[in-house]
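Source: prediction; values computed, not measured.
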Amino acid sequence: MRISFVRPLAGALSLCALAACSGADSSSQQAAGIVKVDTTAATASSMGVLGPLATATAATTSTTNSFATYDFANGTRLPEKATLSIGAATFQPDASVAYVPVKLDHATPNTVIARVITVNGTDANKAISGYQYKATEAVVVFRPNDPLVQTVAVPILSAADGQQFSLKLREAPWGANQGTASATVTANASATPTPAATSGFRNARTFRNYGALQYEMTKDTMHWSPTGWSDAWSTQLSHGRAQVANGETGLYLDETLYPGVEAPLRYTDEGLVFHTQKLASPITYNGTAYNYGSVVLSGHNTTSTQIGYGQYEWVAKMPSRRGSWPAFWLISTSGWPPEIDVYEGFGYQSYWDFDRHISATIHGGSGGVRSFQNGVIIQAEQAYGMSGLTQGYHRYAVDIGPEYITWFLDGREVYQSVNPFKGHRWYPIMNVAVKTTSAYDDGSGDMIVKSFRAWQN
């Protein structure tokens, strides 16, 4: 999420053209002929995620690591992101489908997601959707070690020789640099048709634990105190109760220290409630007056929650209130950075949709100095058919392995990054920050955590 002395920009906002992130809802996507080129055909089709035109065939998970010999300089360096481009394509006029390549220029250290859409031609030979071809929108997913070329299948209706249309990016790709954003697709009777990419892509992983259960949150096992101890979480961060450098306007509260505030933490039949609030009277901390109350549980002194390689999983319902900033994140026990953000909800950003947006970020560096930040914000409904994160409970998980860090939502892989943090041990943080000057009374500002577990490999 963030440590106060260096302010990470929210997730990786530059990777997503925010004006286009909201996109269409599922019904309008279906009408537009959206294709999810996400090679998990068997799993995703049963979820209603993949259209019938996805052309990449799932293959056995690759065991190759393109970055096995890369020097991560003790977690301070990361391989360069790949550049994604649309390639020109040809098809036979009497064909029923045209295959359009989407390419990476080199192996990617992280998952890349791109939305593409067909566009009518512009000259005398233009092809028009509904007449010469079927309008198609696709989400293309490259995972680490996938082949560098995928194809989007566009149905052809009745094209004449020489007619053209285009395939273009709807916005900058998530997790990659942007290369050629648009390319022409041409009916050409004398050319060899662009072939379909049909193999080499791996299945999305399904979350499972590989090690021994080390910690499980229950009403009986969950304890907290102002500073925490071996079996109790801390109600403040390792450096205190405020995050001034983040621009946060909320103070991390503990009702034992600030009597009269609404309880920031309480157990109910639904789970552990992380309650944020606008304060009736300001509270001054380190010379600054705070008008809002945030809430955090940090495991920096709670050794039972700390793991090296292994898995963390939260089951939670997200807040919906504008200005709330919920997060599940991990900090190295040796100090910040590094940091792994499992989930953040950037409710202080106007574009953020709590029901549909997810994020995944890593921060590298050492000694309090960040040397890189890499990650994505994903419109999960468009990319994976997942939504309703404020409406019910969903599973947020991460698997930290020696080679890769993999993020999951509801048991399905949504992002992966090469792991530059060899040999680190992690402690978890779960919190809802506040970053607003508003009335802070729309929707719910509370996050409810039903369960939390940690497995040590």
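A salt bridge does not link Glu403 to Lys422: none of the charged nitrogens lies less than 4.0 Å from a carboxylate oxygen. Residues Arg205 and Asp399 are paired through a salt bridge, judged by an N-O separation under 4.0 Å between the basic side chain and the carboxylate. The pair Lys435-Glu248 fails the salt-bridge criterion, with no side-chain N (NZ, NE, NH1 or NH2) lying under 4.0 Å from an Asp/Glu carboxylate O. Under 4.0 Å is where a charged nitrogen must lie from a carboxylate oxygen, and between Glu137 and Arg115 at least one such pair does.
Side chains of Ser190 and Asn188: a donor on one and an acceptor on the other come within 3.5 Å. If you check the side chains of Asn145 and Asn65, you find no donor sitting under 3.5 Å from an acceptor. At a cut-off of 3.5 Å, with distance as the only test, no side-chain donor of Asn203 or Glu413 sits close to an acceptor on the other residue. Judged purely by distance below 3.5 Å, without hydrogens or angles, the side chains of Ser334 and Ser332 pair a donor atom with an acceptor atom. In this model, a donor atom of one side chain and an acceptor atom of the other lie less than 3.5 Å apart for Gln416 and Thr406. Arg77 and Tyr70 form a side-chain donor-acceptor contact under 3.5 Å, judged by distance and modelled atom types alone. For the residue pair Asn291 / Tyr440, no side-chain donor-acceptor distance below 3.5 Å is found, with atom types taken as modelled.
With hydrogens and angles disregarded, a donor-acceptor distance shorter than 3.5 Å links the side chain of Asp442 to the backbone of Arg322. Counting only distance, with no hydrogens or angles, the side chain of Tyr312 and the backbone of Thr305 share a donor-acceptor pair below 3.5 Å. A donor-acceptor contact shorter than 3.5 Å is absent between the side chain of Gln92 and the backbone of Asp94. The closest donor-acceptor contact from the side chain of Asn419 to the backbone of Ile405 lies at 3.5 Å or more, if one exists at all. Distance alone, capped at 3.5 Å, is enough to place a donor-acceptor pair between the Ser294 side chain and the Val434 backbone. A side-chain donor-acceptor contact under 3.5 Å links Asp161 to the backbone of Ala189. Between the side chain of Thr206 and the main chain of Ala204, no donor-acceptor pair closer than 3.5 Å is present. No donor-acceptor pair under 3.5 Å is formed between the side chain of Ser166 and the backbone N or O of Val119. Distance alone, capped at 3.5 Å, places no donor-acceptor pair between the Thr76 side chain and the Ser371 backbone. Ser444 contributes no side-chain N or O that, together with a main-chain N or O of Pro319, makes up a donor-acceptor pair within less than 3.5 Å.
Between Thr436 and Tyr292, some side-chain heavy-atom pair lies under the 4.5 Å cut-off. When side chains are defined from C-beta on, Arg143 counts as touching Arg202, because their heavy atoms get closer than 4.5 Å. You'll find the side chain of Arg412 stays beyond 4.5 Å of the side chain of Phe207, heavy atoms only. Side chains of Leu330 and Val342 form a contact here, defined as non-hydrogen atoms less than 4.5 Å apart. Using a 4.5 Å heavy-atom cutoff, the side chains of Leu389 and Ile358 are in contact. Looking at Ile378 and Trp174, their side chains come closer than 4.5 Å, going by heavy atoms from C-beta outward.
Residues Pro193 and Phe91 come closest through the heavy atom pair CB-CA, 4.3 Å. Nearest heavy-atom pair, Thr83 versus Gln178, reported as atom, atom and distance to 0.1 Å: CG2-C, 3.8 Å.
Under the 30°/60° scheme for interplanar angles, the aromatic rings of Tyr348 and Phe346 are found to stand perpendicular. Using bins of under 30°, 30° to 60° and over 60° for the plane-to-plane angle, the ring pair Phe372/Phe421 lands in the parallel bin.
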Trace of the side-chain hydrogen bond (donor to acceptor under 3.5 Å, both in side chains) decision for Gln456 with Tyr309
CA-CA 6 Å; Gln456 172 73 50; Tyr309 298 126; over 6 Å; no
Does the pair Thr184 and Gln164 meet the rule for a side-chain hydrogen bond (donor to acceptor under 3.5 Å, both in side chains), with working shown?
CA-CA 7 Å; Thr184 302; Gln164 299 177 333; 5.1 Å; no
Mind running side-chain hydrogen bond (donor to acceptor under 3.5 Å, both in side chains) on Asp355 and Thr390 for me, showing each step along the way?
CA-CA 6 Å; Asp355 274 318; Thr390 72; 2.7 Å; yes
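A ring pair (Phe, Tyr, Trp, His ring centres under 6.0 Å) with Trp314 is found for one member of Trp329, Phe274, Phe328, Tyr396 and no other, namely Phe328. Residue Tyr415 is tested with Tyr404, Trp407, Phe408 for a ring pair (Phe, Tyr, Trp, His ring centres under 6.0 Å); the sole match is Trp407.
Within a 6.0 Å radius of CG in Asp410, more than 12 heavy atoms belonging to other residues, nucleotides or ligands are found. The local environment of OH in Tyr131 is sparse, with at most 12 non-hydrogen atoms from other residues, nucleotides or ligands closer than 6.0 Å. Under a cut-off of 6.0 angstrom, the local environment of NZ in Lys103 is sparse, with at most 12 non-hydrogen atoms contributed by other residues, nucleotides or ligands.
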